[in-house]
Amino acid sequence: MCSSDLLREGAARQTPRQILELVDRVSPGCLVLLPSALKSADEASGFEYGEKLFDYVWKLATAYRQLRLQGGPDVVATQVFGNNVWAAKESQATAQNAVGKAARTFEYKGQPLLMLQHLKIGVKDSPNRTLRLHFEWDAEDGVVVIGHCGPHLYVQ
């Protein structure tokens, strides 16, 4: 069994924050976990699909990042995650709504950064079974920036 499989097995018993921090530790320099990501992960401490979340965060730090380092566009996320997991944007109503936009804007390098692309786990209105992970690619630093990893954000 390879090391990522062993880590994945252990992730079933971890909180979203612990999963983010674990992947960050074992793949240094690949992710930037914004304070807002850790705070939202704490709000999802009862999330039940830790193995799935681990898989997605691991793929962000490894496969997705590698394809982006090779010059691939955002849509390489479809290759890595599939259409049902990765969303390139929000609905037009949510993206243009002031509250929806503000909920998806995070401070990075002292500037506001709007993160519309996200990964989806679950569709129920339950913080234990539904989670959204909003992120952006920082091409300059070659890292995936995670701004939110928790309950579904406001939608119009």
_Joint hydrophobic cluster, Val145 plus Leu31, side-chain heavy atoms closer than 4.5 Å_ = no

*So with a 6.0 Å cut-off around CD of Gln92, is the heavy-atom count from everything else above 12?*
no

*Where does the angle between the aromatic ring planes of Phe135 and Tyr64 fall among parallel (under 30°), tilted (30 to 60°) and perpendicular (over 60°)?*
perpendicular

*Any ion pair linking Lys89 and Asp74 (charged N to carboxylate O, less than 4.0 Å)?*
no

*asked:* According to a hydrophobic-cluster definition based on side-chain heavy atoms being under 4.5 Å apart (Ile, Leu, Val, Met, Phe, Trp, Tyr only), do Val57 and Val76 belong together?
replied: yes

*Does the Ser40 side chain pair with the main chain of Cys149, one donor and one acceptor, at a distance under 3.5 Å?*
yes

*At their closest point, which heavy atom of Phe47 faces which heavy atom of Tyr49, and how far apart are they?*
CE2-O, 3.3 Å

*Show the numbers, then the answer: is there a side-chain contact (heavy atoms from CB on, under 4.5 Å) between Leu60 and Val80?*
CA-CA 8 Å; Leu60 274 176; Val80 176; over 6 Å; no

*asked:* When you measure from the side chain of Arg129 to the backbone of Val123, do you find a donor-acceptor pair of N or O atoms at a distance under 3.5 Å?
replied: no

*Over all heavy atoms of both residues, which pair between Pro28 and Arg25 is shortest? Give the atoms and the distance, please.*
CD-O, 3.5 Å

*asked:* How close do Leu20 and Ala37 get, counting heavy atoms only, and between which atoms?
replied: CD1-O, 4.1 Å

*Is it the case that one hydrophobic cluster holds both Met115 and Val144, taking links as side-chain heavy atoms less than 4.5 Å apart, direct or via other members?*
no

*Cluster overlap Leu34 with Leu133, hydrophobic side-chain contacts below 4.5 Å*: no

_I'd like to know if the side chain of Ser91 and the backbone of Thr94 have a donor-acceptor N/O pair within less than 3.5 Å._
yes

*Once you round to the nearest 0.5 Å, how far does CZ of Arg17 lie from CD of Glu43?*
11.5 Å

*Is there a donor-acceptor pair closer than 3.5 Å between any side-chain N or O of His134 and the backbone N or O of His118?*
no

*Following the transitive rule for hydrophobic clusters with a side-chain heavy-atom cut-off under 4.5 Å over Ile, Leu, Val, Met, Phe, Trp and Tyr, establish whether Val32 and Ile146 coincide in one cluster.*
no

*Within the side chain of Thr78, is there an N or O that forms a donor-acceptor pair under 3.5 Å with the backbone of Asn83?*
no

*Heavy-atom pair with the smallest gap, counting every atom of Tyr56 and Phe81*: O-CE2, 3.6 Å

_Shortest non-hydrogen separation from Arg132 to Ile121 and the atoms involved_ = NH1-O, 3.3 Å

*Lys120 NZ: over 12 foreign heavy atoms closer than 6.0 Å*: yes

*Do the ring planes of Phe54 and Trp58 sit parallel (below 30°), tilted (30 to 60°) or perpendicular (above 60°)?*
parallel

*asked:* For the backbone of Tyr154 and the side chain of Arg104, can you confirm whether one donor and one acceptor N or O come within less than 3.5 Å of each other?
replied: yes

*For Val143, does its backbone N or O pair with a side-chain atom of Asp141 as donor and acceptor, under 3.5 Å?*
no

*Is the centre of the Phe106 ring less than 6.0 Å from the centre of the Tyr108 ring?*
no

*Given the rule in the side-chain contact (heavy atoms from CB on, under 4.5 Å) test, do Gln117 and Glu136 qualify, once you have shown the distances and angles that lead to the verdict?*
CA-CA 7 Å; Gln117 69 176 325; Glu136 275 300 323; 3.8 Å; yes

*Say you draw a straight line from CG of Leu67 to OG1 of Thr62; how long is it, rounded to the nearest 0.5 Å?*
9.5 Å

_Minimum heavy-atom distance between Thr15 and Ser45, given as atom pair plus value_ = CG2-O, 3.9 Å

